[in-house]
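Here's the structure we're looking at; comments come further down.
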Amino acid sequence: MAFVPVDKLYSDVPPGSMRLAIVMGAFILLYNVDGVIYATSHLCPHAGAALNYGRLDGCEVECALHGAVFDVTTGEAIMGPSPDGLWVYPVKVEGDQVLVDLD
């Protein structure tokens, strides 16, 4: 695994929030669920809407366009029109630096 730094720090993503981030030129979403950072693809697989415009509730993100709901810890599609889940990327936090493996 090749972990690389993202453009957001751990302190930039307070508990209960999500932030759009860039890593190696790619957009991903970072989520802070109870102090643990998770990273997923940033587009809803149903219609390509940006999930950062949606709502995070615990470990579930809801797409603002058609209401699809995904578990950000596993990427699993929980509800809505999307039959596919999100890509989930391994995350490491070293101090305040967030690192993600895109492989």
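Quick note: numbers below take in every heavy atom, side chains included, and nothing from hydrogens, waters or symmetry partners. Residue indices begin at 1 and follow the sequence shown.
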### Leu20 vs Leu29 side-chain heavy atoms within contact, under 4.5 Å
yes

### Query
Of all heavy-atom pairs between Leu51 and Met18, which one has the smallest distance, and what is that distance?
O-CE, 3.5 Å

### Query
Between Asp71 and Thr73, does any side-chain donor sit less than 3.5 Å from a side-chain acceptor?
yes

### Summary
Residues Pro81 and Pro83: closest non-hydrogen pair is O-CD, 3.2 Å

### Flag, side chain of Tyr38 to backbone of Val91, donor-acceptor distance under 3.5 Å
no

### Message
Donor-acceptor pair, distance only, cut-off 3.5 Å: does the side chain of Asn32 make one with the backbone of Gly35?
### Response
yes

### Message
Over 60° means perpendicular and under 30° means parallel, so tell me whether His66 and His46 are parallel, tilted or perpendicular.
### Response
perpendicular

### Task
Quick one: closest heavy-atom pair of Val23 and Pro5, and the distance?
CG2-O, 3.6 Å

### Query
Could you state the interatomic distance from CG (Asp84) to CD (Glu76), rounded to the nearest 0.5 Å?
12.5 Å

### Task
Compare all side-chain heavy atoms of Ile37 with those of Tyr31 and state whether any distance is below 4.5 angstrom.
no

### Summary
Residues at least two apart in sequence or cross-chain that pass salt bridge (charged side-chain N to carboxylate O under 4.0 Å, His left out) with Glu62, listed by chain then number, are Arg55

### Query
If Ile, Leu, Val, Met, Phe, Trp and Tyr residues are connected whenever their side-chain heavy atoms lie under 4.5 Å apart, and connections chain through other members, are Phe27 and Val72 in the same group?
yes

### Task
Supply the atom-to-atom distance Leu30 CG to Ser17 OG, rounded to the nearest 0.5 angstrom.
9.0 Å

### Message
So, taking the atom named CD in Glu94 and the one named CG in Asp96, what distance separates them when rounded to the nearest 0.5 Å?
### Response
12.0 Å

#### Entry: Gap between atom CG of Leu99 and atom NZ of Lys92 - 0.5 Å precision
6.5 Å

#### Entry: Atom pair CG (Leu65) and CG (Leu43), whose distance is rounded to the nearest 0.5 Å
11.5 Å

### Task
Classify the side-chain pair Thr40/Tyr89 by whether it contains a donor and acceptor separated by less than 3.5 Å.
no

### Query
Can you find a pair of side-chain heavy atoms, one from Val98 and one from Leu9, that are under 4.5 Å apart?
no

### Message
Go through it in stages, so that I can follow the logic: the residues are Met24 and Val4, the test is side-chain contact (heavy atoms from CB on, under 4.5 Å), and I'd like the CA-CA distance, side-chain angles, deciding distance and then a yes or no.
### Response
CA-CA 8 Å; Met24 296 182 63; Val4 293; 3.7 Å; yes

#### Entry: Minimal non-hydrogen separation, Cys63 against Cys44, with atom names
SG-CB, 3.8 Å

### Query
Between Val6 and Ala21, which heavy-atom pair has the shortest distance, and what is it?
CB-CB, 4.5 Å

### Message
Any non-hydrogen side-chain atom of Phe70 less than 4.5 Å from a side-chain atom of Pro45?
### Response
yes

### Message
Which residues end up grouped with Met79 if you chain together Ile, Leu, Val, Met, Phe, Trp and Tyr wherever their side-chain heavy atoms are less than 4.5 Å apart?
### Response
Val69, Ile78

### Query
Transitively linked via ILVMFWY side-chain contacts under 4.5 Å: Phe3 with Val36?
no

### Summary
The reported gap from CG in Leu102 to CD1 in Ile28 (rounded to nearest 0.5 angstrom) is 6.5 Å

#### Entry: Side-chain heavy atoms of Leu86 within contact of Val61, under 4.5 Å
yes

### Task
For residues Arg19 and Asp12, report the shortest heavy-atom separation together with the two atoms involved.
NE-O, 3.2 Å

